[in-house]
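Structure first, commentary second.
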Amino acid sequence: MAGKTDAKSRDGASKKRKRDLNDKERAADVKRHHKDEKLAKQKASKRDAEEAELKGNALKVLADIKADGGSERVANDAPGGHDNKAPAAQAVGWKLSSPLGGRIADIDPVFSEDESHLILTYQTSIQVYSVADSLLVRKIPLPMIKDGERKPTPLLVATCLSRVEPDFVWVACSDGRIWKINWRHGSRPDDTLHTKSQTALDMCVVPITTNKSAADVLYVSEKRRDAGSISAYCRKNGSHLVSKVLFETQQPDHEIHLLRSTSNGSALVGAHAEGLVVGTIQVGSAKDGLDLESEFYSFETSDIVCTLDVRSSPRKQATSTPKKQSGRVTSEIIDVVTGGARGAMLIYNDLLNKLHNLRGSKSKKEEIQARKVHWHRRAVHTVKWSRDGHYMISGGSENALVLWQVDTAKQNLLPHLPGSIENVTVSPSGSSYAVHLDDNSAMVISTSELKPTTYVSGIQSAARFTTRPKDFVVTRLSEVSREVRKPIPAALNPLDASKFYVCVGTGQQAAMAGSQQSAPILQSFDLSLFRGISKQALARTQPTDVNITTEGHAISEPTITHLAFSSDGSWLATIDDWKPPARDIEKVAADAQEHFMQERREIYLKFWTVSPDDNSLALTSRINSPHSTSRPETVFALAADPQSARFATLGDDGLVRIWHCKTRQRDGLTSTDAKGQTLQSWTCAATTALGSNVGADVLVASDGHPPRSRSGSLSFSEDGSTLFVAFGSRNDGTVFVVDTQSGQVRTTLENLWRGDVRHLRVLSPYIITLSDDLRVYDVVADELQYGIKLPKQEETLSWAGFAHLEVDRRSRTFALVAPGKEGSQMAVLRPEDPRALFMESIPHKITSLVSSPSSSGFVALDDAAQLWSVTESSDQAAVSLSMPLEDLGLDKVSADQTIAHQGIVPLQQEEDGEYEEENSGDEEVAAGDEMDVDDGEDDTHAAVISRQRLAELFDAAPAFAMPSIEDMFYKVTELISAKPLATSSA
Amino acid sequence: MPRTPTKFLGAPNNFSPAFTGSYKTLCSGDSSSWFVWVHSSITMDIHRCRFVAFPPCPINALAFSHPHTRTNLQSSLCRLAVGRANGDVEIWNPLNGAWHQETVMCGGQDRSIDGLVWVVEPDEELPTANPDAGHEKSVIPGRSRLFSIGYTSAVTEWDLEKGQPLRTASGQHGDIWCLAAQPPASAALGKGGHKASAAAAAAAAAAAQQQHLQHGPADAVTRLVAGTIDGALAIYTIADSELRFQRLLTKSPARKTQMVSIAFQSRDVVVVGCSDSTLRAYDMRNGNLLRKMTLGSDHAGGSKEIIVWSVKCLPNGDIVSGDSTGHVTVWDGKTYTQMQRIQSHRQDVLSLSASADGSAILSGGMDRRTVLHKRMAGTAGRWGKVWSRKYHDHDVKAMASFESSKMSVVVSGGPDASPVVLPLKELGRENHRTLPNLPQQPPLQSAAKARLIMSWWNQQVHIWKLRQPFDSLYDNANGNMTGEDLDKNRKLLKTILIKGESNIASASISPDGDVLAVATSTDVKAFYLKHSNPSKPSDMKVLPMVVPSAIAGVGARLVQISPDGAWLVVVQAGNKISLLRLGHGGNAGSGERILSRPQAVTRMKRKTPKNLVVGGLGTYDRTIVHVSFAPDSRMLAVADLAGYIDTWVLRNAVNEDKEGREDASGSASEESSSDSEDDDGGDDDGGADEVGSREKWFHTPASTLLPKLPSPPTVLSFSNDIPSGNASSDYTLLAVTTSWHILAFHPVEGALAPWSRRNPVARLPNTIRDTRDLAKGVLWQGARVWVYGVSFLFMLDLSQDLSEPNAGGSSSALAAQAGQKRKRRGGGGGGGGGESGAGNRMTIGAIAPAQVDRFTSDKKEWQLDVENAAPPSSEGSDTDMLDEDDEDESGDESNAEGEGGGGAGGRSAGGELAALRNRDTQMDGRSGSGRKRWWYTYKYRPILGIVPLNIPGEALDKANAGGQEAGVPPVEAVLVERPIWDVDLPERYATADEAER
């Protein structure tokens, strides 16, 4: 310590020289880091300003990670971006996977024609799921970001199945590109169209037969400078693109945001901000060009149309009297249903006929009078006609699917769905509904029993809204936050690194609305299968209630702030926090406000038993306000002892508490539960005061200074004997070293952090702190190893919370995430060496970063609900993300290819492939491309092999002690096939 | 004339500063019962009161005399009868959307009206002398008769002209629960909206022989059928203007079955909704049960049997029923099988109504909703729920539809007492309108000198004292007045219960507060209130007075005591007007009062087409509805529903006999002035028994010159002007009509006052003309007249002309800014034609578009508003779809209707809000130059009545000192509000799932 103070007094010139030297070194070291003159100058000036704070030789400023990342490489959402990357990352050995997961876009799910597959549109890809077993068949990434462009990422706006070639889907992107994708085979778009205006708002696909050959015609609504328009596009003769503008709106702001057509394409219905556009399209006879004649009617609706569906049915002759037939009667009945932003649904029966008749004689004239039904409290998110037209299916933010029987006006509900309903699609045969829910899941529900048959559940963590939620199209009392406001607690199971736990809210909108981001639910997610396994509420939730107050404010649920597994994975500790919204106390007298808030504040520390069988959680103990002074105090940090079942918490009251479990006793006897299991409860084992045990409010009062927020973090040493606690007000920089046995503060280390400390991690003998900068400190040597400056984030303080630090004890590395302006920078370093092993920028905000003691590498979750893994290529124990079935080549099961015929060979090869990969430890799994080696082997069974299972099998014993090859073979085949392979073994 | 606030009262702490310029609150109270407000800039002190507990009475029955009219004559004769739970029957005139409550026929104790049936005899065409001359054929409209039931075993017929029950009949059966009139035989021809199906028509033809046995015109309605609580159908014959029980048509085998609702499918088939989950169709000829249609059992958890609360038959013979499970069921009229069962309501369906062409069904239920069903296009005649909304605060118990060439409305009512007018054809495109539940004639009067307020309802008279004038209240408080001061300021002095069965029709109190006259339909009572400046109930003694037997035994519709307390006018049933002198008793010291023998005065004969008198409503339109005394009590004016005004003057009997006969009408003004001079002395000495004989009431000679009012009067009042004696001065008699003609007369001259000549209705500010609610009364403040209705308070200065019509543009611009609806009205009342009699066009939430545009891809051009093919320049949004049925109205009717129909935001939700929001700006906007010509506020609602109080001397002086420049005497008034939320409505049977938030 004394040495450091000496260092401070050194003159600046020598320091500067030293650092300049360091700069040069660094420039040589870090190849990717191209700096232009200007940046260097800026940096130099910055450094001058911060000179005083730098402490001697120990602090080596390695790199300024720039927020804008202008010259940095940016990891692309699509793996296409990887192609042109410099191979530098691979050379280092650490590698960022392509992102997996993401949120399902607000686009109707598409059924394949035979209803065997469900095609979901994610924000950057198309994913094909098998309806039979809910598994991902194929992920088709879309080149969302054009090369060399850094504009706001375009969004996908529509996905339509081709009517002519059912193996293809058309996918429209908001920048006007429309891809034709073979969802059965291709992973790259087969065809790309560009709309004339370079925009697309919605699209529908209709087959049109000209010259006896059917072709898909795309009706695309576009936004032009002077008007919204509907255009038709068609590939003539396979290559020549013809187009025709069918409709232009009167007002420029009336662009058509919704466009639907009848199945035969005779009528088009579009919605703009103030009304509906209904048109008929007739195919002309001209040989060349796109000969379409159209007639459009436009009229206003009383509400903003959020969703619409159109249905055509043949007109029954019996219903029309001879008198009517003399007039112009459309051969079809076009029924349109619209869902409004205020919750009303309007049904227009026989709309086209009425519109035609408007111009006719008075006797036939019928008013365009809609029928209005109103059940939804907020916007109708989706509404669809059933195939027979007897029902309407609608969904909104009430978490209930509403089935309207048209004839009797009866209404049936399928309530208590896990999230608000975003999209509903009726299957081609009408036997099932595909429902896309707000919590990033989709299910297929059979119409007869209303039971889900397929469930696709992605990561449900809060993500930023890419578009305005429909509920908030009209002004509401409470707004929904578009950005993720807080980092999301997450964890990997310490025993099984494929189990990822993340705190989620009840649906995306529920999580994002309200005064605080709510996340009362823990989702467990299987990374190897890449699907959600279960959800469990860890704090109070309102699953059945409407999540708004009587005044219309969103109710926020408690949010889980910290989450930690014990080292053996059998315990989970969580902290949840809830603050009453500020609006509640507006009416309270000023002096009572503070008291009122304190009284209602809820902070709980909960200990959960993790069931060894299914990883389900059971609450063991709940500690109310684990840290409190005169009021409940915020808990800053929670850490698990890496050696034993102990947890430590740090609160704003300046206390560190260590919690341990003990057997519950009654009258001296061990109490047991019904099954005879010993009951245990968690209590505080030791309390250590760091300074005075006072709340932050008292501090303020006593000092008379403006309020200074305190921050803290803590971590156990690897052997669990010591607890390192960073705690203090801004720029305090103190780290306390606490003996976990005695609860004594052994030493205090000064100047280890600056600003607010966010994370402290121990990688013995180093402690790493992340605050406004990153510092690595060697405890044994008592010297600062090095430090790294994080980019300045002066404009948004909220961003600062998204800096992450995580250590990987296996590989003895740590990962650092620094938020930038448009994304995050991620780096992996060794504590000994300031040169990054790996550095990459990710175009999203990283909301959590985790690692597991059972495997190496890191998993990051971003605010688009995508997972990224950072692993060392040569490490076979690295955490891994799964791949779609297609990449395993397992999706092509067909009845005519019997297992007997082709069974053994591909399986053998498959096994070999796995085996090889395991042995070589090739880290290409996540990238997914390498697995596609055997294109011919499409005919294997649709099963999933967990990598861990295979590892268990093959790593069971050294090679000489392995069982016979035959035994191994059967074991592997057992894994692959669900049913016993009698035929193949014979 | 610049006008500054005469009193600037300190801004109250909880009132926004924006309001301080125009009026102040002295006390905000706790919204409970007692408010005081001052309009300082226009110098009227208003005591805003909510303590008068006028109870609104639930509506049990609604019926239109002509549900579907085909001629203008029929439209003009159509009336709506509203039956209430206290036995009152109100007669409303739709008046093309003005909705005027014309008369109230008072019920009595333990009486209620639970069903109303109009029977309208067929019109008869008279051969005219020269049919080719292009004259309209003279038609004797069919007589309209009104029958009612009241959950007893009796049927009552009402005499509209007298406002009394005419006759009652009952038979040997249980309580009648439903009543219907058998349609006439010629109904198949399309009369009366009961077009029978082909099969039914055949059946009707078969029964034609039976018809010949009946008396009267071949197609008159001759029978009423009543369904009873014990499952019987009883036939009452009404032929020959009588009403008697004929026989029981059928008796239900199961006595528990109650007949709840009834409708005729054709002349011979009656469909009865029962309480045992069935509808039964009976043959009227022999009482055979044709078919029993069952509804099955109720949902699990409900009662076992479904009650069919309402049944209606459509013109095509189909039957519609509404039941206790909330379903509306449509039955095939030929096979009597169920066609469609629609879950329209969450709770019981209580009422049904159908359009005349059978294309729309409305249902109202216990869930407060009103649901519109229509046939869906493109389906085989299936019905669909089109629109539903909660218009009522309570059950929707009764419903009646009315369609004419201009109107298409449904009126619904229930325990929340307010009839709601819904557009029928235009539901979902036009707003509804809630008619006031408060009577058109305010049941409120003040004894201004004694600072007493008298109000009455049912059989009670309440007398309140407002002790302190406004200024003293304010001075006491010095800005921090508490509610207690205000609470102490009022005192309920007396509650007088009138013995007898009938409810009070009218009451009057003398300005000194010493005489109270009360009229019921059977009796007239007078009381002497002995008090002197009472402050607690014991200070006042009530002594009955002897009423001459000629008056007492007969009952009356109106009573009124003259401003000097010397005369009592009694208008009896049959429009007999009697005047009684209120003399002092034998010993003047006791102050006792006695009544003299009545002097009957007669009205002028008016020419009415004979055919109208014979048929239709008879002389109902000559019913006197307004009585007014001149401020010096020397002139009396009455007005009837037809708009005729009669006036009488008080003269020395001897002189008058001579002069009255000799004088030409030209010298009337001189005469009256001399009269008043003569009689000045005579009034004051009082006491003399012979006063009555010395002074008599005579027709004002110029009375005949007063024109017939263009539409029914809603207000008739003398101004405070007393002729000063010079030739030019005269009384001013103000009449306000349903179409907002504000007419001031000089009754002695028999001429319109110059102000009225200069300011016809077209010059009135748009705000006033667009007001749909009718005026209920006026208050005078010098030349200023304060006109109030249920939701508004207008001030007009009759000493100044209203602004030029073009200058009115500014106010209309303001109005347009205030509520979008006004904009829609376009060129001043043009939009009125498009409305169908209820509210105005919807702007938010309409389910039909106002305009449809067309675009063709080959021409690439827009064709705007294809329906009306309007020129493209019109730019659309303001052009309403005009009703194609709209006809030009004739004469001043059109003028009146066009302007009067509009909506000031009136009752509809959007407009109301808009009006409230923009109220301040409007006020600020108009407070422009000089003394206000007119002023308005919608702040107070609903207003039961406003009555003046006298300002005591010292307050008057003070006010004069401050406000002398205005030349406007101060007025202190009591404004009584009766908001519906303050009223205890009956319990609702709300179910658990109905969250009221």
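In what follows, every chain begins at residue 1, and chains take the letters A, B, ... in the order their sequences are listed.
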**Prompt:** What residues form a side chain to side chain donor-acceptor pair (under 3.5 Å) with A:Gln405, not counting sequence neighbours?
**Reply:** A:Thr408
**Asked** Which atoms of A:Thr338 come close to chain B, meaning under 4.5 Å heavy atom to heavy atom: side chain ones, backbone ones, both, or neither?
**Response** neither
**Message:** Can you tell me which of A:Arg342, A:Lys372, A:Lys354, A:Glu293 forms the most heavy-atom pairs within a distance under 4.5 Å of chain B?
**Reply:** A:Lys372
**Message:** Between A:Ser298 and chain B, with a heavy-atom cut-off of 4.5 Å, which part of the residue counts as in contact: side chain, backbone, both or neither?
**Reply:** both
**Asked** Given that the side chain runs from C-beta out, which part of A:Ile368 has a heavy atom under 4.5 Å from chain B: side chain, backbone, both or neither?
**Response** both
**Request:** Flag yes if more than 12 heavy atoms outside A:Trp404 fall under 6.0 Å of its CH2 atom; otherwise flag no.
**Result:** yes
**Message:** Heavy-atom cut-off 4.5 Å, strictly under: side chain, backbone, both or neither for A:Val278 against chain B?
**Reply:** neither
**Item:** From CG (B:Asp853) to OH (A:Tyr297), nearest 0.5 Å
**Value:** 11.5 Å
**Request:** Examine A:Phe296 together with B:Trp862 and report whether their ring centres are nearer than 6.0 Å.
**Result:** no
**Fill in**
Counting heavy-atom pairs under 4.5 Å with chain B, the top scorer among A:Gln411, A:Lys244, A:Gln369 is A:Gln369
**For the student: nearest non-hydrogen atoms of B:Val852 and A:Phe299, plus distance** = CG2-CB, 3.9 Å
**Prompt:** Does any pair with a residue in residues 373-382 of chain B pass salt bridge (charged side-chain N to carboxylate O under 4.0 Å, His left out), and if so which ones, sequence neighbours excluded?
**Reply:** A:Asp407-B:Arg382
**Item:** Side chain, backbone, both or neither of A:Leu355 within contact of chain B (heavy atoms, under 4.5 Å)
**Value:** side chain
**Request:** Taking atom OH of A:Tyr233 as the centre, report whether more than 12 heavy atoms of other residues, nucleotides or ligands fall under 6.0 Å from it.
**Result:** yes
**Message:** Taking every non-hydrogen pair under 4.5 Å, which of B:Val328, B:Leu372, B:Ile342 racks up the most with chain A?
**Reply:** B:Ile342
**Message:** Tell me which of these, B:Gly384, B:Gly428, B:Ser388, has more heavy-atom pairs under 4.5 Å with chain A than the rest.
**Reply:** B:Gly384
**Asked** Looking at side-chain heavy atoms only, is the closest gap between B:Met376 and A:Arg371 below 4.5 Å?
**Response** yes
